Amino acid sequence: MRIIKLTEDTKNNILKDLLKRSPSNYGSYEKTVAEIIEKVKTQGDDAIFAYTKKFDQFSQNADNIRVTRAEIEEAYGIIESSLIDVYRKSAENIRAFHEKQLRNSWMDIRPDGSILGQRMTPIARAGVYVPGGKAAYPSSVLMNIIPAKVAGVKQIIMTTPCNSEGKVNPGTLVAADIAGADMIFKVGGAQAIAAMAFGTASIPKVDKITGPGNIFVALAKKAVYGHVSIDSVAGPSEILVLADETANPRYVAADLLSQAEHDELASAILITTSHELAEQVSAEVDIFLQVLSRKEIMTKSLENYGYILVAETLSDAVEAANEIASEHLEILMKNPFEVMTKIQNAGAIFLGEYSSEPLGDYFAGPNHILPTNGTAKFFSPLNVDDFMKKTSIISYSKEALLKVHKDIEVFAESEGLTAHANSIKVRFERS
């Protein structure tokens, strides 16, 4: 891996480089995505069936678009029982973590007769997209569906591509069943997003769409936002490791590669105050690349977006980490909890040498659907609140309104909204 001294210029250049990976920079695909969305919107199932035939080579119709219970049971027979047990353990950890995020409705009843409150209600129907191309990710199935179930969403619709025989990845089906998906449809790509956003004869319209996907899926989610809510427009995966001279270079190298294997656009960055560690990590990366299976992808990823940055001070390292605002941030330092208090921007923070990033991907419980491309500065991981609506409650008695009606009228009139002011005034007209 390339080793670079961390300066203001190198930091800014890396930030510009990373932002090139944003789905917002792939405008050349937007026309194709817009055409797909419009066809699904106007032609419904017919468009879905045609796109499934075109892209997945499966002859789809109203009778075979939905995954049956028999197909789910068949999937259970294909997956090793020991792996199914792991899925279930992971699901329990995810459920337990997200149950702690639940918030209650509340009411504040005041002595003057005014009542203010907030009512928390789940959305009625959630849509989850699950990729099915180069790789299938049952872990993402659990991470998307379980928070919605915990929130109390009444119906969860899942879409995922099938192969030319109409089969869906068995791990995806088992994970969906464990998590609690209500309906699963064999549809992928931008057409699946459009179907969930607008509804077809077969696929119900949803209120929110979550889940990762390729550039077409990301741009489709962006395009339908406003007709439905979405989680985010996700970019490629990324990891940033903050490490000092106490870090184990073999662990650091392994953790960097755990994200580089995702995608040629994935980013893996080490920021360290130790030049010796930088050299050791680079050497360990080369050793791992000789034995790990996705060597070509990892090599391209590191060539494109892999960096080892040597900082003068811990303060410089932390400042750069906050600017990059990585999806995953590992802190492998002498005092990781102390350093954590200085981190403002990260999707998920992993502390200590036995808390490597895959722990969060698969098992610990916190959600692995995280903000990417610097959006951790203003976005959060997928959580229970994403599937909840907050409704304000307001009730004033005559006595309570009497005390403040003049203030409200003045405020409304200052904005030129005399009908607003009048709505208050009429309640205190003399008869």
Side-chain angles (χ1 to χ4, degrees), residues 1-15 17-18 236-340 342-343 346-361:
M1 285 181 71
R2 70 194 118 180
I3 300 174
I4 304 172
K5 183 178 180 181
L6 177 62
T7 66
E8 194 66 24
D9 285 343
T10 57
K11 179 182 72 177
N12 290 336
N13 287 337
I14 289 169
L15 286 168
D17 212 27
L18 294 176
S237 189
E238 54 200 30
I239 186 170
L240 190 151
V241 179
L242 277 177
D244 60 17
E245 70 283 354
T246 67
N248 183 318
R250 190 165 172 81
Y251 295 174
V252 175
D255 294 354
L256 292 171
L257 292 174
S258 74
Q259 293 309 290
E261 77 168 338
H262 267 297
D263 191 322
E264 292 176 2
L265 294 177
S267 167
I269 299 173
L270 165 64
I271 305 179
T272 180
T273 50
S274 168
H275 196 278
E276 182 181 1
L277 180 75
E279 296 283 1
Q280 291 171 336
V281 169
S282 181
E284 290 289 350
V285 165
D286 290 340
I287 293 169
F288 278 127
L289 284 174
Q290 301 310 309
V291 296
L292 294 173
S293 62
R294 294 166 71 88
K295 177 182 178 180
E296 188 174 332
I297 291 173
M298 289 186 286
T299 300
K300 283 284 189 185
S301 170
L302 295 179
E303 287 174 355
N304 293 331
Y305 302 105
Y307 303 93
I308 297 177
L309 303 175
V310 181
E312 288 280 343
T313 66
L314 173 60
S315 178
D316 290 340
V318 168
E319 181 184 351
N322 279 323
E323 283 294 309
I324 293 169
S326 185
E327 178 187 18
H328 307 100
L329 173 65
E330 290 188 5
I331 303 177
L332 300 178
M333 290 184 156
K334 191 183 304 179
N335 299 305
F337 285 88
E338 181 182 337
V339 175
M340 178 194 68
K342 300 171 184 174
I343 298 297
I349 301 174
F350 300 80
L351 301 169
E353 63 181 9
Y354 293 103
S355 305
S356 61
E357 187 278 335
L359 174 67
D361 267 357

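On a predicted model such as this, the values are computed, not experimentally measured, just so you know.
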Is there a donor in the side chain of Thr10 and an acceptor in the side chain of Asn13, or the other way round, less than 3.5 Å apart?
-> no
Going by atom types alone, do Asp244 and Thr246 pair a side-chain donor with an acceptor below 3.5 Å?
-> yes
Heavy atoms of Leu351 and Ile349 approach each other most closely as CD2-CG2, 3.7 Å
Between Thr272 and Glu245, is any pair of side-chain heavy atoms under 4.5 Å apart?
-> no
Does the side chain of Leu270 come within less than 4.5 Å of Tyr307's, by heavy atoms?
-> no
Heavy-atom pair with the smallest gap, counting every atom of Asn322 and Lys342 | ND2-O, 3.1 Å
Please examine the side chains of Gln290 and Lys295, heavy atoms only from C-beta on, and report whether any two atoms are closer than 4.5 Å.
-> yes
Rounding to 0.5 Å, atoms CE (Met1) and CD1 (Ile269) come to a distance of 8.0 Å
Within a strict 4.5 Å, meaning less than it, do heavy atoms of the Met298 and Leu289 side chains meet?
-> yes
Could you state the interatomic distance from CG (Leu309) to OG1 (Thr7), rounded to the nearest 0.5 Å?
-> 9.0 Å
Can Thr313 and Asp316 be said to form a side-chain hydrogen bond (donor to acceptor under 3.5 Å, both in side chains), step by step?
-> CA-CA 5 Å; Thr313 66; Asp316 290 340; 3.2 Å; yes
State the OG-CD distance between Ser301 and Glu296, to the nearest 0.5 angstrom.
-> 12.5 Å
CD1 (Ile239) and CD (Glu330) are apart, to the nearest 0.5 Å, by 4.0 Å
Under-4.0 Å salt bridge between Glu312 and Lys5 = yes
Determine, step by step, whether Val310 and Leu6 satisfy the side chain to side chain contact (heavy atoms under 4.5 Å, CB included) criterion, reporting the C-alpha distance in whole Å, the side-chain angles of both residues, the deciding distance to 0.1 Å, and the verdict.
-> CA-CA 5 Å; Val310 181; Leu6 177 62; over 6 Å; no
Nearest 0.5 Å, what's the CG-CD distance between Leu256 and Glu261?
-> 12.5 Å
Would you check if Tyr305 and Glu238 make a side-chain contact, meaning some heavy-atom pair closer than 4.5 Å?
-> no
Is there a side-chain contact between Ile308 and Arg2, using heavy atoms and a 4.5 Å cut-off?
-> no
Side chains of Ser237 and Glu327: donor-acceptor distance under 3.5 Å anywhere?
-> yes
Residues Pro336 and Gly352: closest non-hydrogen pair is CB-N, 4.2 Å
Shortest non-hydrogen contact from Ala260 toward Ala266 | CA-CB, 4.2 Å
Does any non-hydrogen side-chain atom of Glu284 lie less than 4.5 Å from one of Val252?
-> no
Measuring from Ile271:CD1 to Leu242:CG, what's the distance to the nearest 0.5 Å?
-> 5.5 Å
Report the C-alpha separation of Arg294 and Ile297 in whole Å, then their side-chain angles, then the decisive distance to 0.1 Å, and conclude whether the side chain to side chain contact (heavy atoms under 4.5 Å, CB included) test is met.
-> CA-CA 6 Å; Arg294 294 166 71 88; Ile297 291 173; 3.5 Å; yes
Indicate the atoms forming the closest heavy-atom contact of Ala253 with Val281, along with that distance.
-> CB-O, 3.9 Å
Answer yes or no: is there a side-chain heavy-atom contact under 4.5 Å between Phe350 and Leu329?
-> no
Of all heavy-atom pairs between Ile324 and Leu15, which one has the smallest distance, and what is that distance?
-> CA-CD2, 3.7 Å
Side chains of Glu357 and Gln259, donor plus acceptor under 3.5 Å = yes
Step by step, work out the side chain to side chain contact (heavy atoms under 4.5 Å, CB included) result for Glu353 and Leu332.
-> CA-CA 6 Å; Glu353 63 181 9; Leu332 300 178; 4.2 Å; yes
